[in-house]
> 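Quick one: structure below, then a few questions.
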Amino acid sequence: MTDLQVRQMRFAFADYDVPFLWNEENPAFSSMANAVSFLAIGFEKMIVNMIREAMPLIADPAVAEEADAFVRQEGQHSTAHRQHANGLIRRYPGLQETLNEVIGEFDHLTVNTPLNYRLAYTADLEATFTPVFKLMLDNDSTLFQPGDDRVASLFIWHFVEEVEHRSSALIIFDSLVGSDIYRMRMAPSIFRHVMKVIRLACEGFNKHVPLEDRQSDALSMFVSYRGKQKLRKWLRLRTEDNGPMARAFDDLPLGEQLIALVGVIRSQLPKHNPDHETLPALADVWFERYAAGYDVSHWYTADTVAAREAE
Ligand SMILES: [Fe+2]
Ligand SMILES: [Fe+2]
């Protein structure tokens, strides 16, 4: 029986402006998280279609139950990220075009690639989430806490549920495809696609969000782009200046970044079992608070909100 819980969450994105620069202390992380929001909408839409296609083929009732809970969690994430993205689009209407392009990339996979490829895509990408999100959640005091609490709470909820369902996509892949070799063989093309989609989102941010609102070059997370920009400046060639080349994780401890990187590599190897991962401490705190009825949609400000409502 699956342990996954489907939780409905709303973050009041329609109530007031959603800033692009939602964590002013870290413009590069603000931009990166916004790109994750856009990617999540397309990726989770693909997952919903994929599970619909896969479900009749799943013979084991326990796996079918896992797949059902997994897809319902992903559906909730997608809904919340759409509300976040809609808030950004209200302010910067050009971003609608960017979101459409991102979703289009995943729709393309749904239409043009076999089910096994999409199962491998989901298993491979989801396997990287626990080490990467642990790095972020372990550093929540700088990455999330100083920011807009709706955006911070959305990501914290999404990331802890990704940790919660860290094994689901692999369980489904193993029951239907069951080949580590296939998964590993597809990995380069899968991660090329992931990077292509993130790049699309970042290009859209540079194009549609004025520099004074984003405070950094959204493409600066790409090593190749940074190198190219530096080379062009050095050669005194005309270079489009999209803003400071800040990096989201520059202030995080190097050791923790290395552990995350090793975790990402390990997550792609044969016989990887996400059950054995070291989990972020914040995930346990989140589940405990949720069970106790804490307002997790205002992760850092729930007490202030409750006090205001009591007045
Ligand atoms: Fe998700
Ligand atoms: Fe997921």
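First listed ligand is number 1; within each ligand, the first listed atom is number 1. Source: prediction; values computed, not measured. Count residues from 1 along the sequence.
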> Only pairs under 3.5 Å count here: list side-chain donor-acceptor contacts from residues 56-67, not counting sequence neighbours, and write none if there are none.
from	atom 1	to	atom 2	distance (Å)
Asp60	OD1	Ala62	N	2.8
Glu66	OE1	Thr2	OG1	3.0
Glu66	OE2	Ser168	OG	2.6

> Looking at Trp299, is Arg289 sitting on its ring face, NZ or CZ under 6.0 Å from the six-membered ring centre and within 45 degrees of the normal?
yes

> Which residues pass the side-chain contact (heavy atoms from CB on, under 4.5 Å) test with Thr98, sequence neighbours left out?
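If we apply the side-chain contact (heavy atoms from CB on, under 4.5 Å) test to Thr98, skipping adjacent residues, the hits are Phe38, Leu95, His208.
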
> Between Phe205 and Tyr92, does the ring centroid distance fall short of 6.0 Å?
no

> What's within reach of the Fe ion (ligand 1), meaning protein N/O/S atoms under 2.8 Å?
Glu44 OE2, Glu74 OE1, His77 ND1, His158 NE2, Glu162 OE2

> I'd like a table of donor-acceptor pairs (distance under 3.5 Å, sequence neighbours excluded) in which one partner is a side-chain atom from residues 127-134, with atom names and distances.
from	atom 1	to	atom 2	distance (Å)
Thr128	OG1	Leu125	O	2.6
Lys134	NZ	Asp138	OD2	2.7

> Parallel, tilted or perpendicular: which describes the rings of Tyr121 and Phe43, with under 30° parallel and over 60° perpendicular?
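Geometry flag for Phe43 against Tyr121: tilted rings.
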
